[in-house]
Amino acid sequence: MADDLKELKIELSKNGIFTTTLEEVYNWGRKNSVWPLTFGLACCAIEMIATTMARYDLARFGAEVFRPSPRQADLIIVSGTVTKKMAPQVVRLYNQMPEPKYVIAMGACAISGGPFRDGYNVLKGIDRYIPVDVHIPGCPPRPEALIHAFMTLQKKIEEQSLNGADRPRHLHADLPSEFPVPAFGAHGLEPAQNTEVFLAEQGNPLQGNPLKVIQ
Amino acid sequence: MTLPPIEDIQAQIVAGVPGSRVTVLPNGSPSAQHSLLLDHEHARAVAEFLRNDPNLRLDYCSLVTGVDWPDTETTEKVKVKKLVAGPDGSEQEQEVEETRKTKVPGYLEAVYHLFSMEKKHGPVVLRMRTANRTDGTHLPSLTAVWRSAEFQEREAFDLYGIIFDGHPDLRRILMWDGFVDHPMRKDYVPPADDILVTGVNP
């Protein structure tokens, strides 16, 4: 929203008049009821479970309803080591989720392979195949870190505009909402990464991981 | 109950299974967990003997794993007498140092740890070795004797490439079916999919 409109809004609210925009109400509703997928891969999942329990209580942020079906989920928390044998299933679950959908890569393994990076069967980060919105470092990250990532995602949802050139991916008709599922090859996954996602530049609506890459 | 010394077990096996060749492989470490090397032809009979013998009753196979022993090359310097052309052109006999390389072929090894639930003793460690690491990687399966060996022999097949003859269902268990490598072998090279270079982030 433009700055002069914001000032006008503040001015009106000082005089007892409440104004809002459709975009604000829409995003406010979305960010406060993000339903994650019931999905865990390794020890990070234990921290994710702890986050939803009474002590850390993710329900305060409207995300307590973990859905057992990707068709009802808005968010996939990739919590733990993604093995190459599991990676196609993770991508397939993501593909089955309806738009708008978000990804949190939780922990060192999910963002880069972590301590198992040099292993023969560990994917070096799930952002090779699907666009990740928030990365959480840590091994495993504490529940506070997951909550922080969740709040970061809420902020991101709140700031998404419904129109204009910088609108998010799910409002671009020509951008994909599904990504190719890697196949089991003779020596590893084929392809080793989806270059459209993995090598996306900063500012690209695919929201890829902007890292300098040597090819 | 404690187990008899490994030499006694070896003697019992040789007496109980005629024709079997069992070697004691001593373990020099403080644990002194010596093992028995079995020959392929009698391995199944020896395993049945160890399971059924009333004094041993090794009825539980707790572990099967593989070990990769790659080809080794030793170099030694040897002095050899040879005809060498001298400075004036005539040939003279001289002592010359030569380096000789001897290649010792490697092999794959399967290790079985046996315990007895009934007698409360163990472990007895069995080993079997393949002929080489390339085309002769066959070993007899002991799954028929100890059912718990089934998945672990599959794992040794998957990760080391040991082919267990007589296994009821020898498929890969950890890697997918189309995978061709054996990742736990010492000469395994993982695919070069690590294209990130650290320390150059903007």
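Every chain is numbered from 1 and lettered A, B, ... according to where its sequence line falls, protein lines coming before strand lines. Just so it is clear, the values below take in all heavy atoms, side chains as well, and ignore hydrogens, waters and symmetry mates.
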Next on the checklist: Taking NE2 in A:H148 as the centre, count heavy atoms belonging to other residues, nucleotides or ligands within less than 6.0 Å. Is the count above 12?
Outcome noted: no
Next on the checklist: Taking salt bridge (Lys or Arg N to Asp or Glu O under 4.0 Å) as the cut-off, I'd like each qualifying pair that reaches into residues 19-37 of chain B, sequence neighbours left out, listed once.
Outcome noted: B:R21-B:D39, B:R21-B:E41
Next on the checklist: Minimum heavy-atom separation for A:H187 and B:P191, please, with both atom names.
Outcome noted: O-CG, 3.4 Å
Checklist entry - In terms of heavy-atom contacts, does CZ of B:R100 have more than 12 from other residues, nucleotides or ligands at under 6.0 Å? => result no
Item to check | With sequence neighbours excluded, residues passing side-chain hydrogen bond (donor to acceptor under 3.5 Å, both in side chains) with A:Q89 | outcome: none
Checklist entry - Under the side-chain hydrogen bond (donor to acceptor under 3.5 Å, both in side chains) test, which residues partner B:R57, sequence neighbours left out? => result B:E118
Checklist outcome for this item: Looking only at A:G188, A:G113, A:A186, most heavy-atom pairs under 4.5 Å shared with chain B are made by A:A186
Item to check | Contact residues of residues 146-176 of chain B (partner chain A; heavy-atom separation under 4.5 angstrom) | outcome: B:L159, B:I173, B:L174, B:M175, B:W176
Checklist entry - CE of A:M86: more than 12 outside heavy atoms within 6.0 angstrom? => result yes
Item to check | Steps toward side-chain contact (heavy atoms from CB on, under 4.5 Å) verdict (B:F179, A:F184) | outcome: CA-CA 8 Å; B:F179 198 72; A:F184 293 134; over 6 Å; no
